[in-house]
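Here is the naming used below: chain letters follow the sequence lines, and residue numbers restart at 1 for every chain.
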There are 2 protein chains.
Amino acid sequence: MATLMTEMLKGTLDGIVLAILSARPAHGYEITAWLRGRGFTDIAEGTVYALLVRAEQRGLVEVAKVPSEKGPPRKVYSLNARGRDHLDEFWKTWSFLAERLQQLRKGGK
Amino acid sequence: MATLMTEMLKGTLDGIVLAILSARPAHGYEITAWLRGRGFTDIAEGTVYALLVRAEQRGLVEVAKVPSEKGPPRKVYSLNARGRDHLDEFWKTWSFLAERLQQLRKGGK
DNA sequence: GCCCACTATTCGGTGTTGCTAGGTACCAGT
DNA sequence: ACTGGTACCTAGCAACACCGAATAGTGGGC
């Protein structure tokens, strides 16, 4: 059921996008396309934009408006120092969770 | 500020509890204590109970009321066939997510 | 007898999150 | 004109975990 993924993405999608931005600056549409290509087929378009706005409000990313040849201007996001710190924290939390779940999976059944 | 872990647990705590129940029947208080012992120190007591009620409403678990020597009667939950199916789905979804994140972590930075 | 700690469950209200389902804007090809 | 691809935004919704408090039973210390 797709519902499982929806709930599981809460809290992780945030980190996923930051991780993408840590590799290279990108804009919303690009990020969405990238996610779709990686198998996250059901991630809604609006979700990514809302998430980027939140990231900006928290001061995790910098924004640059870049005119596009096709369509409206792009908003290119790039990770700043605070964002990198946040990403580190994210990976720590993720590692903790992933370890416990791996143990559970082995132990159970 | 919502903690990272709180948001990340959304959707996964559900599976964690089912995984615990797949090993052996248990009641709410016991599950909470188990989680605390495993490092999930900040999981609220009420959270587990609410989660168990949801699982029951979805028909994933069976409930048995067992009198306790200490305190009020326990509600002992055990996984049924539907619950095991759901757990399988959970692990599939989790695996998918964990794989993508592992790739991202390697690739990024 | 009275209070406290521990066991055990329940409930209403809150904040964060991703999804739904639209809309705006710009340009190229037909 | 019209369609399709690019690119962004928004309001309202449902699900989830947290918080704080209440309820209830048992046993031990004073």
Check whether A:Thr32 reaches the backbone of A:Gly28 with its side chain - one donor and one acceptor, N or O, closer than 3.5 Å.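 Judged by distance alone, yes, a pair lies under 3.5 Å.
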Strictly distance-based, threshold 3.5 Å: is any side-chain N or O of B:Arg74 a donor or acceptor partner for the main-chain N or O of B:Val66?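 No: the side chain of B:Arg74 does not pair with the backbone of B:Val66.
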Do A:Ser95 and A:Arg100 pair up side chain to side chain, a donor and an acceptor below 3.5 Å, judged on atom types alone?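 Per modelled atom types, A:Ser95 and A:Arg100 side chains form no pair under 3.5 Å.
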B:Ala44, nearest nucleotide to its side chain (from C:dC19, D:dC19, D:dA15):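 The closest nucleotide is D:dC19.
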Measure from the side-chain heavy atoms of B:Arg74 and tell me the nearest of C:dA8, C:dT9, D:dC16.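 Looking only at side-chain atoms, B:Arg74 lies closest to C:dA8.
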How long is the line joining [atom1] of [X] and [atom2] of [N], in whole Å?
X       : N      : atom1 : atom2 : result
B:Met8  : C:dG18 : CE    : P     : 11 Å
A:Gln57 : D:dC9  : CD    : P     : 12 Å
B:Met5  : D:dC18 : CE    : P     : 10 Å

Using a heavy-atom cut-off of under 4.0 Å over every strand shown, decide if A:Gly46 touches base, sugar-phosphate, or nothing.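 Touches a base.
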Is there a side-chain polar atom (N or O) of [X] under 4.0 Å from OP1 or OP2 of [N]?
X       : N      : value
A:Lys75 : D:dC9  : yes
A:Tyr49 : D:dC9  : no
B:Arg54 : D:dC16 : yes

Among residues 62-72 of chain A, which contact DNA chain D at a heavy-atom distance under 4.0 Å?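 Output list: A:Ser68, A:Lys70, A:Gly71, A:Pro72.
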Look up atom CG in A:Leu51 and atom CG in A:Leu9, then write down how far apart they are to the nearest 0.5 Å.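 One finds 10.5 Å between CG of A:Leu51 and CG of A:Leu9.
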Approximate separation, where rounding is to 0.5 Å, of A:Thr6 OG1 and A:Asp42 CG: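 With rounding to 0.5 Å, OG1 (A:Thr6) is 6.0 Å from CG (A:Asp42).
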Let me spell it out: for each of A:Thr47 and B:Val76, pick the nucleotide of DNA chain C with the closest heavy atom. Which residue's pick is nearer the 5' end?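 Final value for this comparison: B:Val76.
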Indicate the atoms forming the closest heavy-atom contact of B:Ala19 with B:Trp91, along with that distance.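 In terms of heavy atoms, the two residues are closest at CB-CZ2, 4.1 Å.
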